[in-house]
Every structure is written in C-alpha cells, then in structure tokens.
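Written out below as structure tokens is the structure these notes cover.
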Amino acid sequence: MGRTLYDKLWDSHVVRELPDGTCLLYIDRHLVHEVTSPQAFAGLRTAGRRLWRQRTNLAVADHNVPTKDRALGIQDETSRVQVETLGRNCADFGITLFAMDDVRQGIVHVVGPEQGATLPGMTIVCGDSHTSTHGAFGALAHGIGTSEVEQVLATQCLLQKRAKPMRVRLAGAMPEGVSAKDLALAVIGRIGTAGGTGHAIEFAGPAVRALSMEGRMTLCNMAIEAGARAGLVAVDETTLSYLAGRPFAPRGALWERAVAAWRDLRSDDDAVFAREVEIDVGTLSPQVTWGTSPEMVVGIGERVPDPSAEADPARRAAMAAALAYMDLAPGTPLAAVPIDVVFIGSCTNARLEDLRAAARMVAGRKVAAGVRALVVPGSGLVKKAAESEGLDRIFADAGFEWRDAGCSMCLAMNADRLEAGERCASTSNRNFEGRQGAGGRTHLVSPAMAAAAAVAGHFVDVRDWAGDA
Amino acid sequence: MKSFEKLTALVVPLDRVNVDTDAIIPKQYLKAIGRAGFGANLFDNWRYLDPGEGKTDGARRPNPDFVLNKPRYKGGQILLARANFGCGSSREHAPWALLEYGIRAIIAPSFADIFFNNSLKNGLLPVILPDEVVDRLFRDVEETPGYALTVDLESGAVVLPDGTRVPFAIDPFRRECLLKGLDDIGWTLQHEADIKRYEERRRAEAPWLFAGE
Ligand code: SF4
C-alpha cells in the first residue's frame, strides 16, 4: 500500500518506537521566539544541560517588538525584559539570533521560509501553534509547548504519537478576487475548528497546485485553526524555485542531491487517508468571519446568521455569545458592517504577495474618515522588497501607517492593539475574544478585503471593487 | 513534574465550547519569564469586571456571574468542560495557570492537541469522556451542591458519587509518566545512543541537513 506524505515524513524521523505507539521523533529545525522560550532555557540551566545540536536552532524576537520608533528601544518594561532574555539566552547557548535591528528580523514563520531555514522533508517545531505554516514546503511542522521547547533544545527529539492523515482536496480554479486566505477560512467553515483534531491535513488538488508558496503558507498557517497541528502540501516545482538560492538552503551538488530526495515528498497515488474532504473552490466568494471563532464565517454576500435557527443547543449558545460580544444583530448583511480599524499583517498574510494584493485595492484611494489602518510587513526583508516596489508610498498616500516587522496587532502583545468596542478588519488568523486587545472585535479577511474595507469604511466585495477606481 | 495518581475533588463546570487559550490566559500575562504567577489571571477576561492590563493589583472586582467566583465552586480541582477545550495557541502558560489556580484534572469530550500534550507534561490530567456522559455530569453538578468526582488514573476511570465507574483511555506511556511524575527529557536522555545512531544514518541519507557541522 502506498504511503501518504505525512507517513513518509513521520517514518523518516522515528528514532525509537514504544509498544504503545509513542515515538521518539527526531527534530531537524527548531525556531525560537521570546515568549515561549525563557522558561525552557531556565530549565536547561537548572539541570545543567547543554544544547544537543546548536545549529538546528534559529531565534528571532517577534511577538513583543515595537513596530515603530524602534531606535528608542522597547518602552514596555516586561516586554523589554523578555526580548533581552532571549538575547542573553541565545548568546549563552550559542544560537543564531536575528536581533531587532537586523533586516532579517520578522515574524518567525515568515523568517524561516524566507531564509530557506524551512526545507522539504524536515521536521520543524517552534513554541508557537502557527508553526503549521512551514508544512507548505512538504515539511512536518507543528507547534509545541515550552516543556517541549526545552526537550528539543536538550535532546533534539520529541515524544509524539502519530497523527491521522487527512486530505483536503481543493478542486476547481480559484475565482478572481478570491485568495488563499478565503480558501483557508472556507475550509474551517466547512469542517469546524475541531475538524482536524488529531489529524495532519494535506492540502491537495488543482487549486492548491496553482497557489504560490505564499498562498500555500497562508493555507497551512490556518490548519491549526481547523484543529490540525500540521498542514502539508506536496513538493513541486513551485516549492523548489522558491527555495533555490536562499541563505540556509543547500547549494551546488548538495542542492541537487536534496532536490532528488524532495521530489518523492508527495502522497503515493494509492495512499489511504483516514479522512478526505473535497471542496470545489470554483464558486467561492471572499470570506468574512462574523463571530469569535474562525469557523464562524460566511461569504461577503451573506448575512450574519441567526442563532435561533441552530438546532444544537451548545452551538446556539456559542453563536449567541459571539454575536453579543461582536455587537452584531442576526440578519445584518456583512457588507453593511462598519469598521474602525484595519490591520494588514501577521504570519498568515504579511508576505510580499499579500502586501501587493492590498496595495492594488488602495492605489489612488484614501482610507475612509475615522478608520485607523496599519500595514505591518512580516519581516524586514519583506518591508525592504515592498519599498523597492513603491508599495510603502501607495499605502502612505492612502493614509495607512507603514510599520516595522513583528506580530503587532495579531495578538497585541506590543503597543498595537484595539480599544474596547473597536471593530477591526484583520488579515490575521484568530478572532477570539480580546485577541487584538481587550474588548476588541475582530473580523478575519484576506489582505484585499481588508484593504478595500479600509477605503470603504465597511466590508465590500472585492470582486466588484476593481471597477470603481 | 507533579505526579498524579488519584484525586477526589469538587467539580467546577465551565459550560462553553471551544474555550481557547487566549481565554484561559490572555496574552498580556505571557511576558513573564518564569513559570509562576499565572494562576491569578486564569480566565482573566471572564473572571474580573475590570479589564486587566498586564498588572495584577488587588483592586480588581471579581465578576460574580463567572463560575469560578461562585462560592459553591471555591476550591474545585476538577474542571468540567466542553468540546475542543484549549484550542488556539501553544502557550504552556495555559496549563501553568490552571495548575496554579488549583485545577488538577479537566474532563471534556475533546481537547485541542497541543493543549492536551502540554497538560500531560505538567501533571494536569486531561480526561476525555463521551458527550452523553459529559452532558450528564453538567446536569448533576448543576443540581448537586458540593458535587465531587474521583479521577483514578491508576485504573483509568472516573468514579461518580454513586460508585459508577466510567473508564477513560490514556496512552500507557503517558500514564506511566504521570503516575511517576517522570519528565520527557530524563526519559529521552536514557536513549542517547539511539539518537546518535539515528543521526549517523541521517547524515549519510540527507547530508544537507548537517551541512557545516
Ligand atoms: S503573527 Fe500572530 S499568529 Fe503569527 S506568530 Fe505572531 S502572534 Fe502568532
């Protein structure tokens, strides 16, 4: 019987298997950031342990860093201590760190692939749930907790149980105005936020093959919002041409050897999945979330659903609570919902392609009166590339703030946050209560949808938008 | 890690699906560099009437409607929860906060994967029971002040007040670690030779993963 991509990645990393199926799994790449690592380093010190293999680790501060006036340093004391602690830990243990003033600094899940530190066939972990992003490269990548961060530092291994392979086939061709973010939201809307629990989701089908690496990363990034620890996409020419020449990628003869091995990183034709879902994306419309869970999502042409029409009592209660928090009435057309803030950023949607899509919507236009809008590039290098194309001017002329790289308002650990009651069109990945600031209300959308909403002052269908410039 | 054998304790019902880690411990408390001090901010946004902005001063008013603040549930060590508990981020601060507050076991129909793992690694026992049983427990807790359950890890069962035993599944390896309070690093380092052998083989197969070393 054929093997799935997940099986191949798993099998090639098993160091030892226990009778109950628990495996000691070898980890090839460990990405480190400031929030989930300090207690792990402290644990190593207490136990007098050293790193198993220094060079597999790569660190960057992203969650707490300011996105403007960086030269002034970090004003918030606890944030500063956390970022400084990462710096000290990396120096003490000999880990490569992209510091705040390094152009390579950025959101850990943007930086890894951009540097070629994310490679096909690797196992990749990070103390962050959106590590699923790296699965776009045919790597087995998932988020871990701080105890596991410590274990990887000390042993290069994790104790894991095999997940069940699941395939989500996206058939058809993506319509104009629909992006990878809309695919991700539509998948979550269909299978639910626990739909992938216990599974690793491989995204397949023509719509996935047609996506750029940026789009595939967006899709895998949100696999965790569907409950799956890992998302996966098979390796193809798109993967290889993205990686060629990146700083951490192999070169010369080693590159050729690697490519030969990577070509096998796809599910065999006769592989069997524990679960299969197929979605035709040909008729999909841009998606907007209306509630406090990413599964609470509809197309832009639809209305806020009515909890009283929901049969399941637990779901009905959750819907009602979400609508109360979001201050939305059932039956409201999404296009009639006014917004206060627009955030274009996060590891889901802050790569060059995302910024280009957003810039196309705002070129020659102005942000609506009363709307605060910011663009936070995913890394210093994304920022630089965008500036060389003049995207910064387009955003600034329209009235957007153009910031430095970091997580920013995706989770509001730095100074960028929503005030209570503010409503935000956000390209990030979580619309949980208070995620972007206590009392803040988040609607998840694609970069184009967020940018167009900034100009209109409310949600609009970007498929109708191009005409009225 | 704290070991876990058998616990009989008051049950606190948290009747919401998809309780996420941002709700369990909001991000403004993740800036600490130690493992302690998170208990006071467990379920912070629901627990207090005044919003918390990173600092805990004694002056915040508890929300009397939130279940943790109800006198009848004070001192509860078993949390009864709904599906997909712990979804969202990988923050281990979530189990740290629960443990520091005093919760030692959580009963739910399902858990998010990363949260489930993180809990096991800290001696917080996640117990998966079928939907119907969880529904019944919610009703019983509601109707019975002082409702307590026994979670017996050794025999793998939750024992109801009338003596009914509801079995639950747990991986034998995890069960062993919990019973003994064994941590993964200690266990793994007993297998150093295996790891080195794996690395040798891998270096030959995929030398680009070891370039420059
Ligand atoms: S951008 Fe948001 S989701 Fe991504 S790593 Fe940062 S905080 Fe997490």
Side-chain angles (χ1 to χ4, degrees), chain A residues 15-16 18-20 22 24 26 28 35-36 38-39 42 49 53 55 64 78-79 81-82 85 121-122 127-129 143-148 150-151 154-157 159 161 193-194 197-198 227 229 250 254-255 257-258 261 293 314-315 318 321 411-413 420 430 432-435 438-439, chain B residues 1 15-18 20 22-23 26-28 30-35 45 51-54 82-84 87-93 95 110-115 117-118 121-122 171-174 183-185 187-189 191-192 194-195 197-199 202 205-213:
Chain A
V15 171
R16 188 187 177 91
L18 302 176
D20 76 348
T22 303
L24 192 60
Y26 193 81
D28 296 313
V35 181
T36 52
Q39 297 86 354
R49 289 181 173 131
R53 237 183 103 196
R55 304 252 314 224
N64 275 284
T78 46
S79 290
V81 168
Q82 202 172 55
T85 302
M122 276 183 163
D128 190 282
S129 58
I144 56 177
T146 299
S147 296
E148 291 174 312
E150 184 177 339
Q151 187 183 358
T155 71
Q156 211 59 45
C157 290
L159 280 156
K161 274 245 151 132
T193 47
T197 303
R229 284 180 84 176
L254 264 188
W255 168 260
R257 235 183 117 174
S293 160
R315 290 183 69 92
L411 94 164
M413 271 186 85
R430 288 191 176 136
F432 299 160
E433 284 185 19
R435 170 79 177 180
Chain B
M1 183 176 91
D15 197 357
R16 283 175 90 121
V17 291
N18 294 328
D20 59 72
D22 283 71
K27 70 264 172 171
Q28 64 265 34
L30 308 187
K31 295 180 183 181
I33 56 172
R35 276 177 194 253
N45 291 336
E53 267 320 319
R82 293 286 186 186
N84 202 25
C87 61
S89 87
S90 66
R91 62 189 69 161
E92 203 159 310
H93 313 68
S110 62
F111 292 88
D113 291 337
I114 304 180
F115 176 84
N117 258 309
N118 284 344
K121 288 178 188 190
N122 287 277
D171 290 339
F173 176 74
R174 283 293 155 213
D183 82 45
D184 287 9
I185 300 183
W187 186 91
T188 304
L189 287 174
H191 300 280
E192 267 195 62
D194 289 337
I195 306 174
R197 251 195 312 278
Y198 173 88
E199 285 178 330
R202 195 73 178 145
E205 262 169 31
W208 58 89
L209 293 174
F210 297 81
E213 279 174 75

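Protein chains get the first letters and strands the later ones, always in sequence-line order, with residue 1 at the start of each. Worth saying up front: this structure is predicted, and the values here are computed from it rather than measured.
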Should [X] and [Y] count as side-chain neighbours, where that means a heavy-atom distance under 4.5 Å?
X	Y	answer
N122(B)	S147(A)	yes
K161(A)	F173(B)	no
S90(B)	E148(A)	no

What are the two closest heavy atoms between [X] and [Y], and how far apart are they?
X	Y	result
A194(A)	N84(B)	CB-CG, 3.7 Å
S79(A)	K31(B)	OG-NZ, 3.1 Å
G121(A)	R202(B)	O-NH2, 3.7 Å
W208(B)	A261(A)	CH2-CB, 3.7 Å

Against chain A, label [X] side chain, backbone, both or neither, depending on which of its atoms sit under 4.5 Å from a heavy atom there.
X	answer
D15(B)	neither
D171(B)	both
P172(B)	both
S110(B)	neither
N117(B)	side chain
R35(B)	both
D184(B)	both
A23(B)	neither
A83(B)	neither
F210(B)	both

Could you have a look at [options] and say which one has the most heavy-atom pairs with chain A under 4.5 angstrom?
options	result
E205(B), R174(B), E192(B), R197(B)	E192(B)
I195(B), L209(B), L189(B)	I195(B)
A206(B), A32(B), P95(B)	A32(B)

CZ/R53(A): more than 12 non-hydrogen atoms of other groups inside 6.0 Å |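 Count over threshold, so yes.
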Below 4.5 Å from any heavy atom of chain B, which atoms of [X] appear? Answer side chain, backbone, both or neither.
X	result
L254(A)	both
A42(A)	neither
A412(A)	both
R435(A)	both

Any donor-acceptor N or O pair under 3.5 Å, side chains T36(A), E92(B) =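 No, E92(B) and T36(A) have no side-chain donor paired with an acceptor closer than 3.5 Å.
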Winner by heavy-atom pair count (cut-off under 4.5 Å) against chain B, out of R16(A), E433(A), Q151(A), Q39(A) =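 Sorted descending by pairs with chain B, the first entry is Q39(A).
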Top of M122(A), Q82(A), Q156(A) for chain B proximity - count of heavy-atom pairs under 4.5 angstrom =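 Of the options given, most contacts go to Q82(A).
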Does D113(B) come within less than 4.0 Å of R229(A), counting only side-chain N to carboxylate O?
->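 Result for this pair is no, no salt bridge flagged.
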